[in-house]
2 protein chains.
Amino acid sequence: MNKKKVSLKDIAEKAQVSTALVSYVLNGKEKESRVGHEIAVKIKAIARELNYEPNYLAKSLRSGKTQTIGLIIADISNPFFANIARIVEDEAKKNGYTVIIGSSDENAEKSRDLIAVFLNRQVDGFIIVSSEDSEEQIRYLLDKNVPFVLLDRHFPDLATDFVSLNSFKAAFDAGSHLIQNGYKNIGLIAYKSQLFHMQERIRGYRQSLAENRIPFQSTWLKEIGFETVEKEIRVGIDDMLAADFPVDALIFATYRLAIAGLKYINSLGLKVPDDLAIVSFGQAEVFDLYYCPITYVLQPMEELGKTAVEILIHKLKQPDADKKQILMEAKLVARDSSRLKVKVA
Amino acid sequence: MNKKKVSLKDIAEKAQVSTALVSYVLNGKEKESRVGHEIAVKIKAIARELNYEPNYLAKSLRSGKTQTIGLIIADISNPFFANIARIVEDEAKKNGYTVIIGSSDENAEKSRDLIAVFLNRQVDGFIIVSSEDSEEQIRYLLDKNVPFVLLDRHFPDLATDFVSLNSFKAAFDAGSHLIQNGYKNIGLIAYKSQLFHMQERIRGYRQSLAENRIPFQSTWLKEIGFETVEKEIRVGIDDMLAADFPVDALIFATYRLAIAGLKYINSLGLKVPDDLAIVSFGQAEVFDLYYCPITYVLQPMEELGKTAVEILIHKLKQPDADKKQILMEAKLVARDSSRLKVKVA
DNA sequence: GTTTTTAGTTTAATCGTTTAAACATACATT
DNA sequence: AATGTATGTTTAAACGATTAAACTAAAAAC
């Protein structure tokens, strides 16, 4: 960069004073530090004239604070997380923080790397959407007393701050909704994951069946591996349709599963919802644009993101405050893909 | 954070040497600086034992380099850019750089803010997807000699490095493809924008008509304002369909326009491609999932992102190298939405 | 007329690195 | 023995800011 940046020293020289005075004035400490009024005015004028911008690195090195938040999300190519990232970024900026984003791609190792890199970069704190098998990393942060907030996914056994979704309730509602609309053989396509939110979705789904006295069939639940979504989904759906009690409705536990599933359903020539009703988690333009708009679980993204930032920033100011554990409620948005079942004559 | 971080000094003390030696050893300069072999081994051992991690802030302050790239994209909620962001991040990481991302939301003022914040944060360089009216900002960077590469959009009048798409050719191909498949009345829905890539898309589209001796009708071209996409698209499409030469095919110049347009087309009950053929820029899962898969212009995202990073990093090492100006070619992916027109009897 | 206060300013250490230059030894050369 | 060279190590300044503490000079208090 051409003209080297102006520093406190430059201003000090031009004003014929020490850097200390300049620092006091520009940090609004003229009162406490009893800086002469005239000189204060002069310093401010010179600072403006030279277009002074403080050097964050120096500031941070001295203060130990970088005003930077590390955001680790599970998958940036998922529009849900991309949106969350944007919200977090905006909210952080409002509070004078910069966000650095990393995507762990649902991979514990990448997540570990990111945490290391970000710690190295001296982020003040983290907002984390945990990936599978990353519980131990969270323990580590807890142990090192690094400020962080878990977002969207949390570990029930760990005493951490978190903001997530009441997945049990959301899945329960999804199932109940389908049942109310006359569907009886309801499948769930979830990820094969020990993550709590996923287990809760499964539990909520099963509970909805149970409360309606629908005996659960093991073929109705498919748990798909992250790495082999496309293939397993095809096999899974085939299996569900060929079962003794073939499904007439499907719940997708995530956006990505829904995309893959719908593609396959399309290719089979099945008609939604007549051949197969659909409810999905996650939200996206796809769901509007599908020939039959998809019923989905509306997650309060805006609140999730904002609250996470709020909690983290509060924590940065008051490290010893009580842990905040927030479960937000989703709202089922009913569309055509789960409309009242037409009885076959 | 609990245990304060270990510094060079801690290692130095434990090894009973000066920090200089430690620094030399840990930076692999033992040879040039003739550090004793035994002591070098000892220092390394202690560093490992204490789990030493250098402090980036101090390093950066000293070196004037932060190993950080500022990425400013026009709209993070657009999957095209979200993907680009991910690619840039990955590629940068491979080269030891961290990326901080900001979304300008197609807004010059936000873009200016981001540039200021990032400069403040001492990013080593920028990768920028410019937004409308931001040419002057680019001039400013050029003038200040800040290293940067423009991505996806560039200004033909400015001598900058850039990596973008041959938009003229891509639009020309889109138009020609429709014409070849029997469509004659072809509309284009673009943004109302002075940005070069948009103007080029319009030019390419018109050229395809011209070369096929199809007289251009002014009703066929709609330029939509960023802020009022939904409304203007409805009016625009209505107008195109009611014109003297009603369109039988539509090209969308961006992903966002396509989404809005398709929604409206759906709501009108029009059948793609029989009532209206479609080709769109941008790519996304939506296009696969639509009842009639959408023909689209495949942009070489991977190459775009990687090349931008490459050029920037090269530039950081060799600031005076020649400017690289790269136009990449898009590839039309033909699907059902633009299939051979069925002649009406 | 001395002492105390108050106001205004500077000094210098500090954050954690890097690195040119100075220093100190040992060894080789004449 | 005096000088030169190689080897190994330390010193100290620098990056740009912050801030406790020291200092100075003038005003207030006794």
Side-chain angles (χ1 to χ4, degrees), chain A residues 1 3-44 46-47 50-68 119-124, chain B residues 1 3-44 46-47 50-68 119-124:
Chain A
M1 325 225 178
K3 308 134 191 178
K4 54 256 162 218
K5 290 205 80 184
V6 290
S7 68
L8 275 195
K9 212 166 151 195
D10 299 323
I11 300 180
E13 266 162 24
K14 189 144 187 185
Q16 312 248 56
V17 295
S18 69
T19 61
L21 273 199
V22 181
S23 172
Y24 289 138
V25 170
L26 296 184
N27 287 297
K29 302 232 175 99
E30 11 178 337
K31 288 282 145 54
E32 301 106 286
S33 307
R34 314 172 296 207
V35 179
H37 183 252
E38 279 184 25
I39 200 73
V41 170
K42 185 173 173 192
I43 287 172
K44 281 184 201 154
I46 295 179
L50 297 186
N51 225 316
Y52 171 73
E53 292 285 346
N55 181 320
Y56 260 92
L57 294 174
K59 254 185 145 102
S60 300
L61 178 59
R62 182 86 223 288
S63 67
K65 301 268 155 267
T66 54
Q67 298 287 112
T68 302
L119 276 177
N120 237 23
R121 294 261 165 176
Q122 323 284 132
V123 296
D124 290 343
Chain B
M1 327 228 176
K3 308 134 194 179
K4 56 256 164 218
K5 292 203 81 186
V6 291
S7 68
L8 276 194
K9 212 166 151 194
D10 299 322
I11 300 180
E13 267 162 25
K14 189 145 185 183
Q16 310 250 58
V17 296
S18 70
T19 60
L21 272 199
V22 181
S23 172
Y24 289 137
V25 170
L26 298 183
N27 287 296
K29 303 232 174 97
E30 8 178 339
K31 288 282 145 54
E32 302 107 287
S33 307
R34 315 170 295 205
V35 179
H37 183 251
E38 279 184 24
I39 200 71
V41 170
K42 184 173 172 191
I43 286 171
K44 281 185 200 153
I46 295 180
L50 296 186
N51 224 315
Y52 170 74
E53 290 286 348
N55 181 321
Y56 260 93
L57 293 175
K59 257 186 141 100
S60 299
L61 178 59
R62 182 84 223 286
S63 67
K65 301 268 155 268
T66 53
Q67 298 287 110
T68 302
L119 275 177
N120 236 24
R121 294 263 164 173
Q122 326 283 131
V123 296
D124 290 344

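Residue numbers begin at 1 in each chain, while the letters A, B, ... track the order of the sequences. Since the model is a prediction, treat every value here as computed from it, not as a measurement. Excluded from the calculations below are hydrogen atoms, water molecules and symmetry mates; all remaining heavy atoms, backbone and side chain alike, are included.
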From the set [options], return the single nucleotide nearest to any side-chain atom of [X].
X	options	answer
B/Ala20	C/dT17, D/dA17, D/dT11	D/dT11
A/Lys29	D/dT19, D/dC15, C/dT17	D/dT19
A/Val17	C/dT10, C/dT9, D/dA17	C/dT10

Starting at atom [atom1] of [X], determine the distance to atom [atom2] of [N], rounded to an integer number of angstrom.
X	N	atom1	atom2	answer
A/Leu21	D/dA17	CG	C1'	15 Å
A/Tyr52	D/dG16	OH	P	10 Å
B/Ile43	D/dG8	CD1	C1'	12 Å
A/Glu32	C/dT6	CD	C1'	17 Å
A/Leu8	D/dG16	CG	P	10 Å
A/Lys31	D/dT19	NZ	C1'	19 Å
A/Lys9	C/dT11	NZ	P	13 Å
A/Leu61	C/dT17	CG	P	9 Å

With DNA chain D as reference, determine whether B/Ile39 or B/Arg62 sits nearer its 5' end, using the nearest nucleotide of each.
-> B/Ile39
Which atom pair, heavy atoms only, marks the closest approach of [X] to [Y]?
X	Y	answer
B/Asp10	B/Lys5	OD2-O, 3.8 Å
B/Leu57	A/Leu57	CD2-CD2, 3.7 Å
A/Ile11	A/Leu26	CD1-CD1, 4.1 Å
B/Val25	B/Ala40	CG1-O, 3.8 Å
A/Thr66	A/Ser60	CA-OG, 3.5 Å
B/Arg121	A/Tyr56	NH2-CE2, 3.7 Å

Pairwise distance [atom1]([X]) to [atom2]([Y]) - rounded to 0.5 angstrom:
X	Y	atom1	atom2	result
A/Tyr52	A/Ile46	OH	CD1	13.5 Å
B/Gln122	B/Gln67	CD	CD	13.5 Å
B/His37	B/Lys42	NE2	NZ	14.5 Å

Could you give the angle between the helix axes at the two ends of the helix from C/dG1-D/dC30 to C/dT30-D/dA1, with five pairs per end, rounded to 10 degrees?
->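 Between the axes fitted at each end of the helix from C/dG1-D/dC30 to C/dT30-D/dA1 lies an angle of 70°.
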Determine the contact category for [X]: base if any of its heavy atoms lies under 4.0 Å from a base atom, sugar-phosphate if only primed atoms, P, OP1 or OP2 are that close, otherwise nothing.
X	value
B/Ser63	nothing
A/Ser33	base
B/Glu53	sugar-phosphate
A/Tyr56	nothing
A/Ser23	base
A/Leu57	nothing
A/Ser18	base

Would you state whether a donor and an acceptor, one from the side chain of A/Tyr24 and one from the base of C/dA7, lie under 3.5 Å apart?
->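 No, no donor-acceptor pair under 3.5 Å.
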Would you please confirm or rule out a distance under 4.0 Å between OP1 or OP2 of C/dT18 and any side-chain N or O of B/Lys59?
->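 Yes, such a contact exists.
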Has A/Asn55 got a side-chain N or O lying under 4.0 Å from the OP1 or OP2 atom of D/dC15?
-> no
B/Val6 side chain near B/Lys14 side chain, heavy-atom distance below 4.5 Å =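 Side-chain contact under 4.5 Å: no.
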Give each protein N/O atom lying under 3.5 Å from an N/O atom of nucleotides 22-28 of chain C, with the pair distance.
none

Check the surroundings of atom CD in A/Glu32: do more than 12 heavy atoms from other residues, nucleotides or ligands lie under 6.0 Å from it?
->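 Enclosed.
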